[in-house]
Amino acid sequence: MIQTVPLPTWRQLLSLPKGVSRIDAQPDRWLTDPGDTALWLSRSAWSLALLARAMMVERGRTIRVAVPEYICNQSLWPLRQTGAELDFYALDPQRLTPLWPDDRQGAPPDLVLLVHYFGWANAGDEALAYCRRHDALLVEDCAHVLRPTPEIGRLGDVVLYSQHKVLACPDGALCLLRRQATALGPAMRADLNAMASDHPPVTAWAWRRMVQKTPIAGLRARLRPPGQSDFTADPSTTPMPCQPRASAAALSLIDAADLELVARRRRVNAAALLEVVGTVPGLRPLFDGILAEAPYRLPLLCANQQQAERLFQACRAERLPAESWPDLPPEITSGTATMLRSRVLLLPCHQDLQPAQLQQAFTRVLRRLSV
Ligand SMILES: Cc1ncc(COP(=O)(O)O)c(C=O)c1O
C-alpha cells in the first residue's frame with residue numbers, strides 16, 4: 001500500500017521516550033554556521049508566531065510580514081493571533097519566485113517570508129537584497145526541505161525547518177536565528193517557556209502509525225481511499241491547541257534518521273515518477289530541470305483544472321495518494337496562487353516508497369484514464 005507519509009519502525013514505535021524535548025537540543029545536521037542559535041518547537045507555524053512577537057517587542061510596535069500568496073492558511077493561524085499585519089506578495093507563475101513590489105509602494109515589511117516550495121530552491125539573493133533595502137529580516141521557510149543545501153538555508157536571518165513533514169516523527173520543527181535575528185533568541189525562549197509546556201499528542205500519533213503498518217490499513221483504503229475526497233475541497237482553518245514544544249519522541253526519531261538515505265530515496269522516487277508522467281500530454285513537472293535534493297512531493301502542473309481533477313480521481317481510485325495544495329488564505333482570490341491551486345497535483349515520493357511501485361501505480365492510473 002502507498003502511504004502519504006513515511007512510517008517509523010516497530011522498534012521505534014514501541015520505545016518512544018516520553019515528555020518534551022530540550023528547546024536547544026543540538027541540531028548539527030541543520031546548522032550551516034556554528035554561530036546559529038537553535039530553537040526546537042513542534043511546528044514552524046509556532047516559530048513564526050514567536051518570531052513576530054519577539055520582533056514587536058524589539059521594534060516597540062506591531063510589525064508587517066510579507067508572505068507569499070501561495071501558502072496554506074492554517075500555517076498562518078498562530079502568526080495571525082499575534083496581531084502582525086500580513087501583506088501578501090505575488091509570485092512569478094513559471095518559477096514561483098517573488099515579484100517584489102516597487103520599493104516606494106506601500107509600507108515596508110519587517111519580516112519577509114521566502115518559501116522553498118516542495119524542496120526546490122527559491123531566489124534567495126534577490127530576497128536578501130529586498131530585505132536589506134527595507135531593514136527587514138529574511139525568513140527562509142524550509143518547511144518542505146529536508147536539510148540545508150548549497151542554495152537553501154544559508155542566506156536567511158532566520159531559517160525554519162519542519163522535520164515532522166519529511167521524517168517519520170509526530171512533531172518537530174527547528175528555528176535557526178543568525179546575524180541580527182540572534183538578538184531575538186532570549187525573548188522567544190522566554191515567551192515559549194511562559195506559553196505552555198505541551199507538545200502535540202504522541203500516543204495517538206503512534207497508534208495511527210501502528211495501524212498504518214498492518215494489513216488493516218490496506219483493507220480500509222480499499223473500502224474508502226484516505227485523504228481529501230475532492231480535488232477542490234480545502235479543510236477549514238481551525239484554532240490550534242497551544243502545544244508549541246517538540247516532544248522527546250520526535251527528537252529521538254529525528255536523531256535516528258539517515259538524511260543521506262532519505263534524500264537519495266526521495267530523488268530516485270521523484271525521478272521514477274517523472275519518467276511515467278512525461279508521457280502524458282499537457283502534464284509537466286512544476287519546476288523545470290534538475291530535481292530538488294530531496295523533493296517533499298513531486299509537484300505536477302496540469303494543463304487545466306479539468307485534467308487535474310480527472311488525474312486526482314484516477315489516483316484515488318488506484319489508491320495512489322495524490323493531493324492538491326494548499327488551503328489558500330481568504331485574502332487570495334486571483335493571480336498565480338489561485339492558478340496553481342487549480343492545476344497543481346502532488347504525488348508522494350517519500351523514503352518508504354519504491355520507484356517500481358510508484359511507476360506501476362501511476363501506469364495503472366493512466367490506463368484507467370485512457371479506457
Ligand atoms: C510553506 C509552508 N510553510 C510553513 C508551514 C507550517 O509548517 P508546520 O506544519 O511545521 O507548522 C507549512 C505547512 O504546511 C508550509 O506548507
Side-chain angles (χ1 to χ4, degrees), residues 4-5 21 27 30 39-52 65-82 84 86 88-89 91 96-98 111-122 124 127 138-147 152-153 156 158-176 192 198-200 205 227-228 234-247 250-251 253-254 286-287 292 294-297 299 323-329 332 336-337 340-341 344 346 348 350:
T4 320
V5 292
S21 95
W30 285 272
L39 303 174
W40 281 101
L41 288 100
S42 58
R43 296 187 51 176
S44 292
W46 291 114
S47 308
L48 266 178
L50 286 181
L51 188 64
V65 186
V67 179
E69 57 178 334
Y70 191 45
I71 193 149
C72 54
N73 195 46
Q74 182 67 56
S75 63
L76 300 177
W77 187 85
L79 178 62
R80 288 187 194 270
Q81 308 314 302
T82 67
L86 308 193
F88 292 92
Y89 65 80
L91 297 176
L96 276 62
T97 47
L111 269 183
V112 173
L113 201 62
L114 177 75
V115 176
H116 298 293
Y117 292 102
F118 313 116
W120 271 259
N122 209 331
L138 174 63
V139 181
E140 272 188 87
D141 179 331
C142 304
H144 298 173
V145 178
L146 176 67
R147 58 178 178 177
I152 298 181
V158 180
V159 186
L160 306 179
Y161 291 97
S162 292
Q163 282 78 358
H164 70 98
K165 287 191 182 301
V166 281
L167 301 175
C169 53
D171 58 80
L174 182 62
C175 173
L176 297 175
L192 181 62
D198 275 2
H199 58 76
W205 171 86
Q228 66 198 95
D234 283 328
S236 51
T237 302
T238 51
M240 286 164 57
C242 190
Q243 294 163 333
R245 305 286 290 257
S247 63
L251 268 273
L253 290 167
I254 292 168
L286 181 56
F287 298 101
Y296 170 49
R297 301 281 196 271
E323 297 160 295
S324 59
W325 192 84
D327 52 317
L328 285 177
I332 307 302
T336 297
L340 294 171
R341 174 62 186 83
V344 170
L346 305 182
H350 63 76

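Order of listing sets the numbers, starting from 1, for every ligand and every atom in it.
Annotation: side chain of Pro329 is in contact with side chain of Leu76 (closest heavy-atom distance under 4.5 Å). Looking at Asn122 and Pro98, their side chains come closer than 4.5 Å, going by heavy atoms from C-beta outward. You'll find the side chain of Tyr70 stays beyond 4.5 Å of the side chain of Thr336, heavy atoms only.
Around ligand 1, the residues contributing at least one heavy atom under 4.0 Å from the ligand are Arg43, Ser44, Ala45, Cys72, Ser75, Val115, Asp141, Ala143, His144, Ser162, His164, Lys165, Trp325.
In summary, the side chains of Thr4 and Glu323 do not present any donor paired with an acceptor at a separation below 3.5 Å, with no hydrogens or angles considered.
Look at Arg341 and Asp234 and you find a salt bridge, because one of the NZ, NE, NH1 or NH2 atoms lies within 4.0 Å of a carboxylate O, short of that distance.
The side-chain hydrogen bond (donor to acceptor under 3.5 Å, both in side chains) pairs that include a residue from residues 158-174 are Ser44-Ser162, Asp171-Ser247, where partners are two or more places apart or lie in different chains.
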